[in-house]
Amino acid sequence: MSRDVQKEIADLVKSKPVVLFMKGTPSMPMCGFSARTVEVLKACQTPFDAVNVLADPDIREGVKAYGQWPTIPQLYVHGELVGGCDIAVAMYQSGELQTLIAGDVAK
């Protein structure tokens with residue numbers, strides 16, 4: 001039984017407008033960076049899909065390779081890696097994240 005984790009991740013980020021790979025869940029984040037990123041997305045008032053990487057070690061390691069980004073959380077908007085917590089917060093504070101999300105929702 002061979003699992004193609006990279007394909008699973010690609011299918012998910014390409015089929016959903018906003019996807020957050022995080023530690024824990026939006027209602028119970030398991031790290032401060034994941035919690036802060038959830039706060040930013042909630043402040044954008046946009047629905048998003050969350051993937052708890054702690055529940056699946058293959059996804060946890062696979063998403064690092066997929067996005068060539070070494071840390072979690074990882075935020076994807078319209079199939080593209082935005083970045084981690086610090087980038088998401090900075091983009092939110094500048095208004096850039098809201099614009100990116102709104103632009104992708106309108107597509």
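A distance of 14.5 Å separates NZ in Lys16 from NE2 in His78, rounded to the nearest 0.5 Å. Distance CZ/Phe21 to CG/Asp49: 9.5 Å, rounded to 0.5 Å. The CZ atom of Phe48 sits 9.5 Å away from atom OG1 of Thr37, with the distance rounded to the nearest 0.5 Å. Here the straight-line distance linking atom CD1 of Ile9 with atom NZ of Lys64 works out to 11.5 Å at 0.5 Å rounding. Ile87 CD1 to Leu97 CG: the interatomic distance, rounded to the nearest 0.5 Å, is 11.0 Å. One finds the NZ atom of Lys23 at 10.5 Å from the CE atom of Met30 (value rounded to the nearest 0.5 Å).
Val89 and Leu20 end up in the same hydrophobic cluster when Ile, Leu, Val, Met, Phe, Trp and Tyr side chains are linked at under 4.5 Å. Residues Val5 and Leu54 do not share a hydrophobic cluster, defined by chaining ILVMFWY side chains whose heavy atoms lie under 4.5 Å apart. Phe33 is not connected to Ile72 by any chain of hydrophobic side-chain contacts under 4.5 Å among Ile, Leu, Val, Met, Phe, Trp and Tyr, and they are in different clusters.
Annotation for Pro26 and Lys42: closest pair O-NZ, 4.0 Å, computed over non-hydrogen atoms. Considering all non-hydrogen atoms of both residues, Cys44 and Tyr92 come closest at SG-CD1, 3.7 Å. Across all non-hydrogen atoms, the minimal contact from Val13 to Val19 is CA-CG2, 4.1 Å. The minimum heavy-atom distance linking Leu75 with Ala88 is given by the pair CD2-CB, 4.1 Å. Between Gly24 and Asn52 the shortest heavy-atom distance is N-OD1, 3.0 Å.
No donor-acceptor pair closer than 3.5 Å links the side chain of Ser34 to the backbone N or O of Cys31. Judged purely by atom type and a 3.5 angstrom limit, Gln74 has no side-chain atom pairing as donor or acceptor with the backbone of Met22.
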*Could you please spell out the steps behind the side-chain contact (heavy atoms from CB on, under 4.5 Å) verdict for Val51 and Asp56?*
CA-CA 9 Å; Val51 178; Asp56 190 334; over 6 Å; no

*Given salt bridge (charged side-chain N to carboxylate O under 4.0 Å, His left out), test Lys7 with Asp11 step by step and report yes or no.*
CA-CA 6 Å; Lys7 182 177 181 336; Asp11 289 349; 2.7 Å; yes

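Under the salt bridge (Lys or Arg N to Asp or Glu O under 4.0 Å) criterion, Asp58 pairs with Arg3, sequence neighbours left out.
Heavy atoms from other residues, nucleotides or ligands lying under 6.0 Å from CD of Glu80 number 12 at most.
When side chains are defined from C-beta on, Tyr76 does not count as touching Val18, because their heavy atoms never get closer than 4.5 Å.
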